[in-house]
**Q** 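Shown below is the structure under consideration.
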Amino acid sequence: MSTDNKEVVRRFNIEVIQNGNETEFHALMAPDFVNHSVPPGMPNGPESMWNTFQNVLRPALSDLKVTIHDQIAEGDKVTTRKTISGVHSGTLMGIPATGRDVAISVIDIVRVEDGRYAEHWGLNTLSNVLAALSQA
């Protein structure tokens with residue numbers, strides 16, 4: 001079961017985040033999914049995840065790539081340490097393109113239920129990346 005859950009998370013990272021595959025996104029998200037990492041008062045359902053990848057990261061980062069460094073699975077939860085990288089070729093959260101390489105370090109915990117994302121918790125270094133880009 002842990003191996004299957006790790007594969008679900010790997011597939012989500014490559015097919016959805018890296019490749020932008022909306023069909024896979026819908027296949028891998030539980031309809032009652034909850035994203036515990038959104039700011040208070042913001043939508044926390046499945047579309048909160050799609051919005052981040054498709055409307056924030058993808059337009060701002062060309063050659064977007066997800067590199068999974070570690071995955072640990074226990075029960076129905078998978079923890080992944082990864083890097084989301086690309087070239088800052090579009091506006092990223094108000095910061096105009098710099099042409100610089102960026103790398104966002106991420107640690108996620110995903111609860112998988114019936115082969116789909118049910119819950120998500122995560123920490124990332126996007127604020128550090130934004131601070132560095134604004135000084136460019």
Side-chain angles (χ1 to χ4, degrees):
M1 170 89 104
S2 293
T3 303
D4 293 342
N5 289 346
K6 285 167 72 172
E7 178 56 25
V8 167
V9 173
R10 187 207 65 76
R11 192 169 127 211
F12 184 92
N13 276 273
I14 300 306
E15 293 301 325
V16 175
I17 300 174
Q18 180 173 293
N19 298 339
N21 186 326
E22 189 172 6
T23 301
E24 283 291 296
F25 171 78
H26 291 293
L28 292 170
M29 295 298 286
D32 57 350
F33 167 83
V34 177
N35 184 358
H36 297 283
S37 298
V38 298
M42 297 298 291
N44 68 349
E47 293 306 314
S48 68
M49 296 283 272
W50 183 252
N51 181 62
T52 298
F53 308 130
Q54 200 62 20
N55 300 324
V56 177
L57 294 180
R58 188 160 302 291
L61 303 177
S62 56
D63 302 323
L64 191 119
K65 182 176 181 188
V66 178
T67 304
I68 295 175
H69 306 291
D70 296 298
Q71 279 190 307
I72 301 167
E74 184 173 323
D76 61 357
K77 292 189 179 82
V78 178
T79 300
T80 304
R81 184 177 65 87
K82 64 190 175 194
T83 302
I84 300 173
S85 58
V87 177
H88 182 215
S89 57
T91 301
L92 180 60
M93 300 186 80
I95 300 172
T98 62
R100 294 173 56 192
D101 290 336
V102 299
I104 304 164
S105 297
V106 180
I107 297 176
D108 282 327
I109 300 172
V110 175
R111 185 173 70 79
V112 177
E113 184 177 288
D114 298 325
R116 301 173 95 184
Y117 273 43
E119 292 182 272
H120 168 266
W121 299 262
L123 298 170
N124 64 63
T125 61
L126 179 58
S127 61
N128 296 351
V129 168
L130 295 171
L133 290 173
S134 67
Q135 296 174 2

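Residue numbers run from 1 in the order of the sequence given.
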**Q** For a quick test of reading the model, state the closest non-hydrogen atom pair linking Gly122 to Ser37 and the distance between them.
**A** N-OG, 2.6 Å
**Q** Any side-chain heavy atom of Phe25 sitting closer than 4.5 Å to one from Gln54?
**A** no
**Q** Locate the shortest heavy-atom distance separating Pro43 from Ser48; write the atom from each residue and the value.
**A** O-CB, 3.2 Å
**Q** So, does Arg100 use its side chain to make a donor-acceptor pair with the main chain of Ala132 at under 3.5 Å?
**A** yes
**Q** Are any non-hydrogen side-chain atoms of Asp76 and Val112 less than 4.5 angstrom apart?
**A** no
**Q** Nearest heavy-atom pair of Gly99 and Val87: which atoms, and what distance?
**A** O-CG1, 3.7 Å
**Q** I'd like to know if Glu74 and Lys77 make a salt bridge, using a cut-off of under 4.0 Å between side-chain N and carboxylate O.
**A** no
**Q** Apply side chain to side chain contact (heavy atoms under 4.5 Å, CB included) to Met49 and Phe33, showing your working.
**A** CA-CA 10 Å; Met49 296 283 272; Phe33 167 83; 3.5 Å; yes
**Q** Do Val9 and Asn5 have side-chain heavy atoms sitting under 4.5 Å apart?
**A** no
**Q** What distance do His120 atom NE2 and Asn44 atom CG have between them, rounded to the nearest 0.5 Å?
**A** 12.0 Å
**Q** Between atom CD1 of Ile104 and atom NZ of Lys82, what is the distance when rounded to the nearest 0.5 Å?
**A** 10.5 Å
**Q** Ignoring hydrogens and angles, tell me if any N or O in the side chain of Thr83 forms a donor-acceptor pair with the backbone of Ala103 under 3.5 Å.
**A** no
**Q** Can you tell me how far apart CG (Asp108) and CD1 (Ile17) are? Round to the nearest 0.5 Å.
**A** 7.0 Å
**Q** Heavy atoms only: give me the nearest Pro46-Ala30 pair and the separation to one decimal.
**A** CG-O, 3.7 Å
**Q** Could you state whether Ile68 and Ile107 fall into the same hydrophobic cluster, counting links through intermediate Ile, Leu, Val, Met, Phe, Trp or Tyr residues with side-chain heavy atoms under 4.5 angstrom apart?
**A** no
**Q** Are Val56 and Leu92 packed together at the side-chain level, in the sense that at least one heavy-atom pair is separated by less than 4.5 angstrom?
**A** yes
**Q** Are side-chain heavy atoms of Leu126 and Met93 found at a separation under 4.5 Å?
**A** yes
**Q** Within the side chain of Arg116, is there an N or O that forms a donor-acceptor pair under 3.5 Å with the backbone of His26?
**A** yes
**Q** Taking the side chain as every heavy atom from C-beta outward, state whether Asp70 and Thr79 have any atom pair closer than 4.5 Å.
**A** no
**Q** Is His88 reaching over with its side chain to a backbone N or O of Ile95, donor-acceptor style, under 3.5 angstrom?
**A** yes
**Q** Using every non-hydrogen atom in the two residues, find where Val78 and Ala73 come nearest and quote the distance to one decimal.
**A** CG2-CB, 4.1 Å
**Q** Working to the nearest 0.5 angstrom, can you tell me the gap between Thr52 OG1 and Met42 CE?
**A** 8.5 Å
**Q** Does Arg58 reach the main-chain N or O of Gln18 with its side chain, forming a donor-acceptor pair under 3.5 Å?
**A** yes
**Q** Checking Val106 against Ile84 for the side chain to side chain contact (heavy atoms under 4.5 Å, CB included) test, could you report, in this order, the C-alpha distance in whole Å, the side-chain angles of both residues, the deciding distance, and whether it holds?
**A** CA-CA 7 Å; Val106 180; Ile84 300 173; 4.1 Å; yes
**Q** Transitively linked via ILVMFWY side-chain contacts under 4.5 Å: Trp121 with Val38?
**A** no
**Q** Would you say that more than 12 heavy atoms from the other residues, nucleotides or ligands in this model lie under 6.0 Å from the CG of Asp114, or not?
**A** no
**Q** For the pair Thr98 (side chain) and Leu133 (backbone), establish whether a donor and an acceptor sit closer than 3.5 Å, ignoring hydrogens and angles.
**A** no
**Q** State the CZ-CG distance between Arg11 and Leu28, to the nearest 0.5 angstrom.
**A** 4.0 Å
**Q** Where do Pro59 and Phe53 come nearest, in terms of heavy atoms and distance?
**A** CD-O, 4.4 Å
